[in-house]
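Let me begin by presenting the structure, written as C-alpha cells, before commenting on it.
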Amino acid sequence: MGGGHRPDPGQLPGHGYLPGRPAPLTDLSARSLPGNRRLRFAPSPTGQLHIGSVRTALLSYCLAGHDGRFLVRIEDTDRERFVPTATTGYLEAMAWMGLRWDEGPDIGGPCAPYVESERLEHYHQAADHLLGTGAAYRCFCSRERLDDLRAAQKAAGQPTRYDRRCWRLQPTEVQAELDRGASSVIRLLMPEGESRWDDLVLGPQEFQNAEIDDQVLIKSDGFPTYHLAHVVDDHLMEITHVVRGVEWVPSTPKHLAVYRAMGWVPPEFAHVPLVLGSDHKKLSKRHGSVAVTEYRDMGYLPEALANMIAFLGWSPGTEEEIFSLEELRTRMTFDRLQSSPAVFDQQRLDHLNGVWIRRLSIPDLAQRLRPFLPQAQKPQLEPIAAMVQERIHRLDEVPGLLRFAFADPDPTMEELIGRLEPATAADFLRASIDLVDGSSDDLMSSLRRAAEASASDQGSINRHVRDCMQVVRVAITGQRVSPPLPESIALIGKEAARSRLRRALAKIAMVR
RNA sequence: GCCCGCAUCGUCUAGCGGUCAGGACAUCACCCUUUCAAGGUGGUAACCGGGGUUCGACUCCCCGUGCGGGUACCA
C-alpha cells in the first residue's frame, strides 16, 4: 500500500498495509548484545530524580539480575521541558542509591550514544520507513483545529482522537504542502482490530484499537515523541523487558503497533503500579519530599531507601523484610510484583533507616555523619557515632541531639531543677562536681548513691534518683533528652562538665 | 465524558478453595532503664458491598461502589 493506491476515506485501514517485504531498519533478529536479559531505565531529564522514578530504576536493576544488563538512556526529546543539568543529577542520585549500570550516557556501551537527542537519524529512518509503508502519514493540522476537534468530541461523549483528515490527502496535496514549507508532524496510522499483550504484572491486556488515537511520532520540530523514540531505541538496544509505570498502559497499543509496522518483536512489558502519597494520590511535591537527593539530605541511608522502595510493590513472600540492594538483586522476580498501588509511608522509612543505621560499623557511621556535623572535629566523630547509633532514625537528628557538645547550654531554672526543691538540686549538683572526677565506670553508681542519700521518702526513691540525674543531665547538656551521662561528659571533657555544673549551681544559688 | 486498571488491619504486605486470616511499621500496655532510644512481652486493628459457582469462598465469575491512571506536537 506504499504505492499510489489511496484507501477509501470512509473506512479505517486494516492490517493489510503491514509491510510484506520492507526489511527492518537494522537486522538484529538474533540477540547480539551482552546479557541474557536487558533492561533499561530511561528518564526524561526535566528536574530531580523522583522517588517514583528511582523505583522503576531499582526494579529494572534488580530484575536484570546478575546475568542481565542494566542500561540507562536519556530521553531528552522534549526540548521545552529539558533541563541541561538534570542528567548529571539523575546519574549521581542513582549512583548514590547504589545502582550500577552496564551501559549509559556517561560510560558508553555497544549502543552508544545513550542520549536520544543524539540519535535522531534512527528515528527519522524509522519514520521514513513507516511513511513508506503507509503505516504513518503526514499531518498538517493546526493546534487550533486539533483543540476544537477534541472539544467537540468530548462534548459528544466520544473518545477524543484525531479525525484523520490529513490521512485522506492525496500524495500530490501532501507534496504541495511540503513544498509550500508548511509545518507538519508524522502520525502513526493506528491499525484496526485489537491490541493484546500479556503483561508481566497486570496479566492479559486487551484494547480496541478504534479507541486509540493516531499518535504523533515526529513532532513539527523534527524531534520524535517518546512513543517512537523509545520503541526504536528499545529495539536497537535489544531491550528484553520494559519495566515502567502503569501510566503507560493506555499507550502500549501504540507502541505495539509501531513494533509491528516495523517488523520488530516487542519486548515483555511489566507495568508497575504507582507510588502514592498519604492521601492516595500519585506521589508528588505536594506530599513533601519526592527527590532522592532530598532524602539523602534528610539523613536517610541509601540502603534504607532502597529497602523501602523495593517493598513498594514487591515482597519476597517470606517474613524477611531487611534486604540489601544486592540481596534484592538476587531475589527479585517478576512474578512477585504487586499490581495494586502502594502508599509511601515515611514512618516505615524511618524505622528501616534506624535498622540500617544500627547495622553500620562505627567508622562507617562516623563517616556518613560528617556532612551533618561540619563543626565536629574528626576524632570526635567515632565517639559521637557510637553514642547516637542506637537512638536516631535519621542522620540529621544528630546535630540536635548533640547541640550541647558544640555550644554551652543555658537551661532555665525550671528545666534545671525539674520537680526538685532548689536546695536539693543544689546539694546534688555540688556532690556531683566532685564525682565527675572519678572514672566513668562508677560515675553512675556514685551518683545514684548520692541521690539515694538525699532522698527524703524511701517509697519514691527511684523517682527521686531520676529527678536528681535529670538535674545533672540538664546542667551538662541543657537538654532533658541526651545521650547517656558518661558519654556526654566524655565528649565535652571533664573540665567542661565541671564548669557547667558549677554554672548551674551558681544559677540556682542566685535565685535562692 | 470516553478507555483502562486496582481493591486483606491506619500503612507496607503474606495468603494463591478448607488458616484461630500470618508478619512488619504505626499505636496502646507492661518489662528493662539516669533521659531518649534500642530491646523484650502482650494487646487493639483487615478480607469494600451484593449476587452467583462450589459441600465449602479472602481466594474463581458477574454487577455495583470506591480509589487510581490515561485521554498532548510531555514523558
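Please read all numbers here as calculations on a predicted model, not as lab measurements. Lettering of chains follows the sequences in order, A, B, ..., and the numbering in each one begins at 1.
- If you find the closest nucleotide of RNA chain B to A/Pro224 and to A/Gln158, the one lying nearer the 5' end belongs to A/Gln158.
- For B/G23 and B/G64, the C1' atoms lie 33 Å apart once the distance is rounded to whole Å.
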Please list, one pair per line, the donor and acceptor atoms closer than 3.5 Å that link side chains of residues 244-251 of chain A to other protein atoms, with sequence neighbours excluded.
from: A/Arg244; atom 1: NH1; to: A/Thr252; atom 2: OG1; distance (Å): 3.3
from: A/Arg244; atom 1: NH1; to: A/His271; atom 2: NE2; distance (Å): 3.1
from: A/Arg244; atom 1: NH2; to: A/Tyr226; atom 2: OH; distance (Å): 3.0
from: A/Arg244; atom 1: NH2; to: A/His230; atom 2: NE2; distance (Å): 3.1
from: A/Arg244; atom 1: NH2; to: A/His255; atom 2: ND1; distance (Å): 3.1
from: A/Ser251; atom 1: OG; to: A/Trp248; atom 2: O; distance (Å): 3.3

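- To the nearest whole angstrom, the two C1' atoms, one in B/A26 and one in B/G51, are 37 Å apart.
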Identify the pairs formed between an N or O of the protein and an N or O of nucleotides 3-13 of chain B at a distance under 3.5 Å, and give each distance.
from: B/C12; atom 1: OP1; to: A/Val343; atom 2: N; distance (Å): 2.8
from: B/C12; atom 1: O2'; to: A/Phe311; atom 2: O; distance (Å): 2.9
from: B/U13; atom 1: OP1; to: A/Gly313; atom 2: N; distance (Å): 2.6
from: B/U13; atom 1: O3'; to: A/Ser315; atom 2: OG; distance (Å): 3.4

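- Contacts between residues 474-482 of chain A and RNA chain B, counted as heavy-atom distances below 4.0 Å, involve A/Arg480, A/Val481, A/Ser482.
- Nearest to the side chain of A/Lys282, among B/G70, B/U33, B/C73, sits B/G70.
- Salt-bridge annotation for A/Arg73 and A/Asp234: present, with a side-chain N of the basic residue lying under 4.0 Å from a carboxylate O of the acidic one.
- Place A/Cys141 and A/Arg466 on RNA chain B by their nearest nucleotides, and A/Arg466 ends up nearer the 5' end.
- With a 3.5 Å ceiling on both atom-pair distances, B/A75 lacks any Watson-Crick or G-U wobble partner.
- Using a 4.0 Å cut-off, no side-chain N or O of A/Lys281 falls inside it from OP1 or OP2 of B/G69.
- Straight-line distance between the C1' atoms of B/A7 and B/C60: roughly 16 Å, to the nearest whole Å.
- In this structure, the CG atom of A/Leu447 is 14 Å from the C1' atom of B/U35, given to the nearest Å.
- With sequence neighbours excluded, no residue forms a side-chain hydrogen bond (donor to acceptor under 3.5 Å, both in side chains) with A/His393.
- Nucleotides B/C2 and B/U59, compared at atom P, are 29 Å apart to the nearest Å.
- Remark: A/Val185 engages A/Cys139, A/Arg187, A/Val216, A/Ser220 in a side chain to side chain contact (heavy atoms under 4.5 Å, CB included) (not counting sequence neighbours).
- Among residue pairs with one or both ends in residues 219-232 of chain A, those qualifying as salt bridge (Lys or Arg N to Asp or Glu O under 4.0 Å) are A/Arg79-A/Asp221; sequence neighbours excluded.
- A/Tyr90 meets the side-chain hydrogen bond (donor to acceptor under 3.5 Å, both in side chains) test with no other residue; sequence neighbours excluded.
- B/C47 sits 13 Å from B/A14 when the C1' atoms are compared, rounded to a whole Å.
- As judged by a 4.0 angstrom heavy-atom cut-off over every strand, A/His230 is placed among residues making no nucleic acid contact.
- Near RNA chain B, defined here as any heavy-atom distance below 4.0 Å, the residues from residues 72-83 of chain A are A/Glu75, A/Thr77, A/Asp78, A/Arg81, listed numerically.
- The aromatic rings of A/Phe323 and A/Phe311 sit tilted relative to each other, their planes meeting at an angle between 30° and 60°.
- Partners of A/Glu211 according to the salt bridge (charged side-chain N to carboxylate O under 4.0 Å, His left out) rule, which considers only residues two or more places apart in sequence or in another chain, do not exist here.
- Taking atom CG of residue A/Asn209 and atom P of nucleotide B/G70, one finds them 21 Å apart after rounding to whole Å.
- Across all strands shown, A/Leu485 has heavy atoms under 4.0 Å from base atoms, whether or not it also approaches the sugar-phosphate.
- Between the C1' atom of B/U35 and the CD atom of A/Glu487 lies a distance of 12 Å, rounded to the nearest Å.
- For A/Arg81, the side-chain hydrogen bond (donor to acceptor under 3.5 Å, both in side chains) partners are A/Asp78, not counting sequence neighbours.
- Within the 4.0 Å cut-off from OP1 or OP2 of B/U71, not a single side-chain nitrogen or oxygen of A/Arg150 is found.
- The residues A/Asp214 and A/Lys254 are annotated as not salt-bridged, no charged nitrogen and carboxylate oxygen being separated by less than 4.0 angstrom.
- Among the heavy atoms of the strands, none lies under 4.0 Å from A/Pro273.
- With a 3.5 Å ceiling on both atom-pair distances, B/A57 lacks any Watson-Crick or G-U wobble partner.
- Under the Watson-Crick or G-U wobble criterion, with both distances below 3.5 Å, B/A45 is left unpaired in every strand shown.
- For A/Arg448 and B/U34, the shortest distance from a side-chain N or O to OP1 or OP2 is below 4.0 Å.
- A straight line from CG of A/Asp279 to C1' of B/C67 spans 11 Å, rounded to a whole angstrom.
- Identified under the side chain to side chain donor-acceptor pair (under 3.5 Å) test for residues 150-160 of chain A, with sequence neighbours left out: A/Asp147-A/Arg150.
- B/C36 atom P lies 20 Å from atom CD1 of A/Ile357, rounded to whole Å.
- A/Thr225 comes within contact range of the sugar-phosphate backbone alone, with a heavy-atom separation under 4.0 Å but no base atom that close.
- Pairing partner, B/C30: B/G40, with both Watson-Crick or wobble hydrogen-bond distances short of 3.5 Å.
- Spacing between B/A24 and B/G39 at atom P, rounded to whole Å, works out to 12 Å.
- Taking atom NZ of residue A/Lys154 and atom P of nucleotide B/C2, one finds them 12 Å apart after rounding to whole Å.
- Here B/C67 sits opposite B/G5 as a Watson-Crick or G-U wobble pair (both hydrogen-bonding atom distances under 3.5 Å).
- Between the NE2 atom of A/His255 and the P atom of B/G70 there is a distance of 13 Å, given to the nearest Å.
- Of all nucleotides listed (B/C73, B/C36, B/G69), B/C36 comes nearest to the side chain of A/Arg391.
- Aromatic ring centres of A/Phe334 and A/Trp314: separated by at least 6.0 Å.
- We find that NE2 of A/His351 is positioned 12 Å from C1' of B/G39, with the value rounded to whole Å.
- Under 4.0 Å is where a charged nitrogen must lie from a carboxylate oxygen, and between A/Arg391 and A/Glu397 no such pair does.
- Remark: B/A21 base-pairs with no nucleotide; criterion is Watson-Crick or G-U wobble with both hydrogen-bond distances under 3.5 Å.
- Among residues two or more places apart in sequence or in another chain, the side-chain hydrogen bond (donor to acceptor under 3.5 Å, both in side chains) test is passed with A/Asp163 by A/Arg145.
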